[in-house]
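One structure below.
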Amino acid sequence: MRAPGPCAECGAGAAARYRCPRCGTAYCSVPCCRTHRERCAPAARREEEAAGPGSPPAPAASPGAPEDILGEEEEQDRVPPQKLQLLGESAELRGLLRNPHLRQLLLALEQARDKSSLLRRLMQEPLFLEFADCCLGIVEPAEEKENVLPI
């Protein structure tokens, strides 16, 4: 996997872990994503208007494509967009996300420089484990899991 570069919004060096699906610009966090989106969306609308009605929308830039983010060895861990959409439709997950403590934990994870060590610590928190189990249960229901022991 390639090393992250500088954020196009705030300039933080080696922090840009995310890419805009529309234009491929790299950014480091949710606030930088929002800032970029405010600038990117009007530019995209202008391009669509210039192309004229009836013309197909421009495809997303390849730097933002999932293939760019995941290596071949990580391909098996990819979750299809249809299953990810189920997360947004889950009342149970929405209920968990109303918890201010869980929201604080997720925000801390988003802003952490060393996400992997923080994630290891968060996996010791019962509330975070409940959140992770809920997400996995939605994306990968029990009948689809490979390593489930028969009862």
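- Looking at heavy atoms from C-beta onward, Glu89 lies in side-chain contact with Leu86 at the 4.5 angstrom threshold.
- Atoms CD1 and CG, on Ile138 and Leu93 in that order, are 5.0 Å from each other to the nearest 0.5 Å.
- Here the CD atom belonging to Gln111 is positioned 10.0 Å from the SG atom belonging to Cys28, to the nearest 0.5 angstrom.
- Residues Lys83 and Val139 approach most closely at CD-O, 3.1 Å, considering heavy atoms.
- Under a 3.5 Å cut-off, the side chain of Lys115 and the backbone N or O of Glu110 do form a donor-acceptor pair.
- Expressed to the nearest 0.5 Å, how far SG of Cys32 lies from CZ of Arg37 amounts to 12.0 Å.
- Taking 4.5 Å as the limit, every side-chain heavy atom of Phe131 sits out of range of all side-chain heavy atoms of Asn99.
- Atom CD of Gln85 has 12 or fewer heavy atoms from other residues, nucleotides or ligands within 6.0 Å.
- Other residues, nucleotides and ligands contribute at most 12 non-hydrogen atoms within 6.0 Å of the CD atom of Glu92.
- To the nearest 0.5 Å, the span separating CG on Leu109 from CD on Gln104 amounts to 12.0 Å.
- Taking both residues in full, the closest heavy atoms of Cys10 and Cys7 are given as N-SG, 3.4 Å, listed atom of the first, atom of the second, then distance.
- To the nearest 0.5 Å, atom CZ of residue Arg120 and atom CG of residue Leu122 are 11.5 Å apart.
- Within the model, atoms CG of Leu96 and CD of Glu130 stand 4.5 Å from one another, a figure rounded to the nearest 0.5 Å.
- Judged by distance alone, with hydrogens and angles left aside, the side-chain atoms of Arg103 form no donor-acceptor pair with the main-chain N or O of Arg98 at under 3.5 Å.
- The hydrophobic clustering, which links ILVMFWY residues whose side-chain heavy atoms are closer than 4.5 Å, places Leu107 and Leu119 apart.
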